[in-house]
Amino acid sequence: MKIYLILFLALLTGFSSLIAQEDLLVNVYNRNTTSLNGEWKYIIDPYENGYYNYRYKPFDQQEFPWASAFFLNSKPKDSSDLLEYDFDKMDNIDVPGDWNSQKPELLYYEGTVWYKKSFDYSISKESNRVFVYFEASNYKTEVYFNGKKLGTHIGGFTPFNFEITDLVKGQDNFLIVKVDNKRLKEGVPTLNTDWWNYGGLTRDVKVIETPENFIQDYFVQLDPDNNKLIKGNISLKGDNVKQKKVQLSIPALKIEEQFLTDQNGTVDFEIVSNKIDYWSMENPVLYEVKIQTEEEELNDQIGFRSIKTKGAQILLNDQPVYLKGISIHEENPIRGGRAHSLEDAEQLLDWAQDLGCNYVRLAHYPHNEHMVRLADKKGILVWEENPVYWTIEWENEETYRNAETQLSELIERDKNRAAVIIWSMANETPNVEARNVFLNKLASFSRAKDNTRLISAALEQKDYNGNPLVRTINDPFAEVVDVLSFNQYIGWYDGLPEKCGTITWEIEQDKPVLISEFGAGAKEGFHGDKNTRWTEEFQEDLYIQTLSMINKIEQVQGFSPWILVDFRSPRRVLPEIQDGWNRKGLISESGNKKKAFFILQNFYNNLNKKR
Ligand code: GCU
């Protein structure tokens, strides 16, 4: 009943595409789950023939959907019956994993693919509740279970779940998912990006079982203004969650506190502790945190640290830090396709640490949870970004709600991860009024949801007072962010590397500055003089010249050059050099380090420790 009410309200409020989102289950990493990873059946459906009837009406909005609706998983009634699909006779595709890198015929495919997974399920306790949880699916996902529509999710990089308690059976359940990765003008991101549009169930899918009344959400973090105070909230969900006992324990801090939930099943708490061993890059200590109710016990591993700014400094636990970073796309180019596994995360973060990094910019969208959980363990600071990229439809209310929902899902998933210090609102967006309104709303939303982290966005640099030899940030959003970040490509898109030596910078805001991108393309193994574009020597010289220029900007507290590894992009088609790859990686798609890698590694390893 609830789902129809949400949809009805959505239509009333004019957000026809406001999708019925269920409350996200937090800390799935440590919950009791059954994996649905593995081989699924799939049907490629570019005409969406399994979704629309011939009058282009969605089958799932018909009172009695035709048998040809793919989500029914129909079978012929008898030998005379007409049916033009059969999932069980189709080929298999692996989940998790984008379809582009698994099926050569789908490398450039943009459209709908249907997935089907059949499974038996024995619930461990009759009164328990059962959910199906998707870590991500790109881009628009319609989920059906045993022939019933559960709901729709929009956005390719954040988790979502639907309850199946009343639908799940002991045998022969079938989960059918329509994934459509078509790029949309009103989308977030919009039509044009500089990365591959990997489609599909790109991350894990699992079944989660919870007690009837369960721990849906919690936030446990250091008070930003008092590092002796652990504060946060816990939310229970179910029909019997009012005035319920909840216990929060952190054994290593000898903390064991009992609370009672309020009328809404939530509790806010503050706990003083003088013994906290603060999480840092040198000492990434994670505490075992246990939350218990009469029906459930949930464990998490949480680091306590404060992150703030003071003038042009970034302070981690009140100590200035210099962010030795690198930008990363979520791709494992050696295996091919979207990165999704712990092994992929280990590969990418090991490369970053080999480079000498203590910080990574996860561009341009939320990466999988393995990346942030591993950064927590390794002591690597993290910038996470909402895919408000380039020129989206700033005046479209549904586009704003889409962006806000994706940011909300990111914060809900990662708010307990100490390593995450920056929420980035956007990348390279135009300084126009509609965008300023849009981003200001997004920043306010982000701060209201989580005031323990810094806000930034990758802005663009401009000439200072019309003088092309002096650069600055001339952007009203620079007044809103905590950390001023900008991409600059002097020496690549703007002159040659030697131009860096002619440029000075005038940064007027008294804020920390992170240069979120600079870089140059190089085909690994292509050598020549440093003025020959696409040679490793050209890229190497760009890094030498840029690092020298950056070192003179006193507010700079770090940077994340573009980019760790070459990555696929349909925009990059120069034969023999790009061939569908953006070549600004310091490492090639076969894992070989280019000469510029060692320039940056040397710079980071020789930075005086105070910086
Ligand atoms: C931009 C953008 C990146 C892009 C890069 C490039 O700054 O943020 O997504 O890949 O430049 O042109 O290579």
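Everything numeric here is computed off the predicted structure, so don't read it as measured data. Each ligand, and each atom within it, is numbered from 1 in the order the structure gives.
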Under a 4.0 Å heavy-atom limit, does Asn427 contact ligand 1 with its side chain, its backbone, both, or neither? side chain
Between Asp344 and Ser341: side-chain donor-acceptor atoms closer than 3.5 Å: yes
Is a side-chain N or O of Asn332 found less than 3.5 angstrom from the main chain of Ala339, in a donor-acceptor match? no
For atom 13 (O) of ligand 1, what is the closest protein heavy atom, and at what distance to 0.1 Å? Lys584 NZ, 2.7 Å
Closest approach of any protein heavy atom to atom 4 (C) of ligand 1, naming residue and atom: Asp194 OD2, 3.2 Å
Option of least heavy-atom distance to atom 1 (C) of ligand 1 (set: Glu385, Glu428, Glu460, Gln488): Glu428
Whether the side chain of Tyr389 engages the backbone of Thr193 through a donor-acceptor N/O pair (distance < 3.5 Å, no angle test) should be reported. no
Out of curiosity, is Arg583 lining ligand 1, as in a heavy atom under 4.0 Å away? no
Could you check whether the rings of Tyr198 and Trp196 sit parallel, tilted or perpendicular, using 30° and 60° as the cut-offs? tilted
Tell me the contacting part of Ile563 for ligand 1: side chain, backbone, both, or neither, using a 4.0 Å heavy-atom threshold, strictly below. neither
Distance under 4.0 Å to a non-hydrogen atom of Phe567: what atoms of ligand 1 satisfy this? 10 (O)
Greater than 12 external heavy atoms within 6.0 Å of Glu186's CD: yes
Would you find more than 12 non-hydrogen atoms of other residues, nucleotides or ligands less than 6.0 Å from Lys530 atom NZ? no
For Arg572, counting its heavy atoms only, list the atoms of ligand 1 lying under 4.0 Å from any of them. 6 (C), 12 (O), 13 (O)
What atoms in ligand 1 come closer than 4.0 Å to a heavy atom of His364? 3 (C), 8 (O), 9 (O)
Taking the inter-plane angle between the rings of Phe157 and Tyr365 on a 0 to 90° scale, is it parallel (under 30°), tilted (30 to 60°) or perpendicular (over 60°)? parallel
Any idea which atoms of ligand 1 are less than 4.0 Å away from a heavy-atom of Asn487? 7 (O), 8 (O)
Counting only nitrogen or oxygen atoms and a 3.5 angstrom limit, does His329 reach ligand 1? no
Nearest to atom 12 (O) of ligand 1, what protein heavy atom do you find, and at what distance? Tyr493 OH, 2.4 Å
Is it true that a side-chain atom of Thr405 and a backbone atom of Arg401 form a donor plus acceptor pair closer than 3.5 Å? yes
What do we get for Phe486 next to ligand 1 when only non-hydrogen atoms under 4.0 Å count, side chain, backbone, both or neither? neither
Which value, rounded to the nearest 0.5 Å, describes the distance between Tyr400 atom OH and Leu442 atom CG? 5.0 Å
Under 4.0 Å to a heavy atom of Tyr489 - the qualifying atoms of ligand 1, by number: 5 (C), 7 (O), 11 (O)
Is the closest heavy atom of Trp195 to ligand 1 under 4.0 Å? no
Parallel, tilted or perpendicular: ring planes of Phe160 versus His153, cut at 30 and 60 degrees: parallel
For atom 2 (C) of ligand 1, what's the nearest protein heavy atom and its distance? Glu517 OE1, 3.5 Å
Pick one of side chain, backbone, both or neither for how Arg571 approaches ligand 1, counting any non-hydrogen atom pair under 4.0 Å. neither
What pairs of residues pass the salt bridge (charged side-chain N to carboxylate O under 4.0 Å, His left out) test when at least one of them lies in residues 497-508, not counting sequence neighbours? Asp494-Lys499
